[in-house]
A.B. asks: 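Handing you this structure, nothing more for now.
Numbered from 1 within each chain, the chains take letters A, B, ... in sequence-line order.
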Amino acid sequence: MSQYWLMKSEPDAFSIDDLKQQGPSPWDGVRNYQARNFMKEMKIDDLVFFYHSSCKPAGIAGIAKVTRNAYPDHTSWDPNSAYYDPKSTKESPRWFMVDIELVEKFPVLIPLSSLKQDPELTDMALLKKGSRLSVMPILESHWQHILQSTRSA
DNA sequence: GCCAACGTTGGC
DNA sequence: GCCAACGTTGGC
């Protein structure tokens, strides 16, 4: 069964336009266990809200889909990478990534402020105080509600 | 295993 | 730039 997710990226580092240009792209650099575990649960064709963080305005920029199941994040083995982790080895990789590609960029980004105002979405992990998770599951009901809101806007 | 110190995230 | 919240590290 297909699942729904949200992934955060700082657009200065990797934006939805970058994803569009590059086609299927590895989601490297995740160094948080909870986020990693969620990526391991992802399956090809799962849909992902592409979220722009640390920018104005922050919010959901569009939709991507998973094109490759989790596999070891090779940047963790590269001493020259900002994501290098000496505790991750090829024999026992600690960090994983998936590939995603763009499905759709929204004509207008759905700002975080709108999501916060929506009483249907108060349970979303994204909106919880202090939530910093960069990869998280989205309930299908929330997914549909958000899509419906932006389609009719 | 506890917990203080530190580093990071990310909205504002 | 500020700072609250969170995760990780490392001494004990």
A.B. asks: Could you give all pairs that pass the side chain to side chain donor-acceptor pair (under 3.5 Å) test and reach residues 6-16 of chain A, with sequence neighbours left out?
C.D. replies: A:Ser15-A:Asp18
A.B. asks: Could you work out, with side-chain hydrogen bond (donor to acceptor under 3.5 Å, both in side chains) as the rule, every residue matching A:Asp85, not counting sequence neighbours?
C.D. replies: A:Trp95
A.B. asks: For a quick test of reading the model, state the closest non-hydrogen atom pair linking A:Leu127 to A:Leu112 and the distance between them.
C.D. replies: CD2-CD1, 3.6 Å
A.B. asks: Who are the side-chain hydrogen bond (donor to acceptor under 3.5 Å, both in side chains) partners of A:Glu104, not counting sequence neighbours?
C.D. replies: A:Arg151
A.B. asks: Can you list, by residue number, the residues of residues 108-121 of chain A that have a non-hydrogen atom closer than 4.0 angstrom to DNA chain B?
C.D. replies: A:Leu112, A:Lys116
A.B. asks: Of all residues at least two apart in sequence or in a different chain, which pass the side-chain hydrogen bond (donor to acceptor under 3.5 Å, both in side chains) check with A:Trp27?
C.D. replies: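 side-chain hydrogen bond (donor to acceptor under 3.5 Å, both in side chains) check on A:Trp27 returns nothing, list empty.
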A.B. asks: Each residue besides A:Met97 in its hydrophobic cluster should be listed here, by chain and number; the cluster joins Ile, Leu, Val, Met, Phe, Trp and Tyr at side-chain heavy-atom distances under 4.5 Å.
C.D. replies: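 Cluster partners of A:Met97: A:Tyr71.
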A.B. asks: At a heavy-atom distance below 4.0 Å, what parts of residues 51-63 of chain A sit against DNA chain C?
C.D. replies: none
A.B. asks: Distance-only criterion, 3.5 Å: show the donor-acceptor pairs between side-chain atoms of residues 133-146 of chain A and protein atoms not counting sequence neighbours.
C.D. replies:
unit_1	atom_1	unit_2	atom_2	d
A:His142	NE2	A:Glu120	O	3.4
A:His145	NE2	A:Asp118	OD1	3.2
A:His145	NE2	A:Asp118	OD2	2.6

A.B. asks: Considering only heavy atoms of chain A and a distance under 4.0 Å, specify the first and last nucleotide of DNA chain C in 5' to 3' order that meet this criterion.
C.D. replies: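 Here the contact window of chain A covers C:dA5 to C:dT8.
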A.B. asks: Identify every side-chain donor-acceptor pair in residues 45-53 of chain A under 3.5 Å, counting partners at least two apart or on other chains, and give the distances.
C.D. replies:
unit_1	atom_1	unit_2	atom_2	d
A:Asp46	OD1	A:Gln3	N	3.0
A:Asp46	OD2	A:Trp5	NE1	2.9
A:Asp46	OD2	A:Lys43	N	3.1
A:His52	NE2	A:Ile16	N	3.1

A.B. asks: Please collect all side chain to side chain donor-acceptor pair (under 3.5 Å) contacts where either partner lies in residues 121-130 of chain A, sequence neighbours excluded, each pair once.
C.D. replies: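 Not a single pair qualifies under side chain to side chain donor-acceptor pair (under 3.5 Å).
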A.B. asks: For residues 30-40 of chain A, run the donor-acceptor check on the side chains, cut-off 3.5 Å, and write out each pair with its distance to 0.1 Å, sequence neighbours left out.
C.D. replies:
unit_1	atom_1	unit_2	atom_2	d
A:Arg31	NE	A:Tyr83	O	3.0
A:Arg31	NH1	A:Asp73	OD2	3.0
A:Arg31	NH2	A:Asp73	OD2	3.3
A:Arg31	NH2	A:Thr75	OG1	3.1
A:Arg31	NH2	A:Tyr83	O	3.0
A:Asn32	OD1	A:Gln34	N	3.0
A:Asn32	OD1	A:Ala35	N	2.9
A:Tyr33	OH	A:Arg94	NH1	3.0
A:Arg36	NH1	A:Arg94	O	2.9
A:Asn37	ND2	A:Tyr33	O	3.3

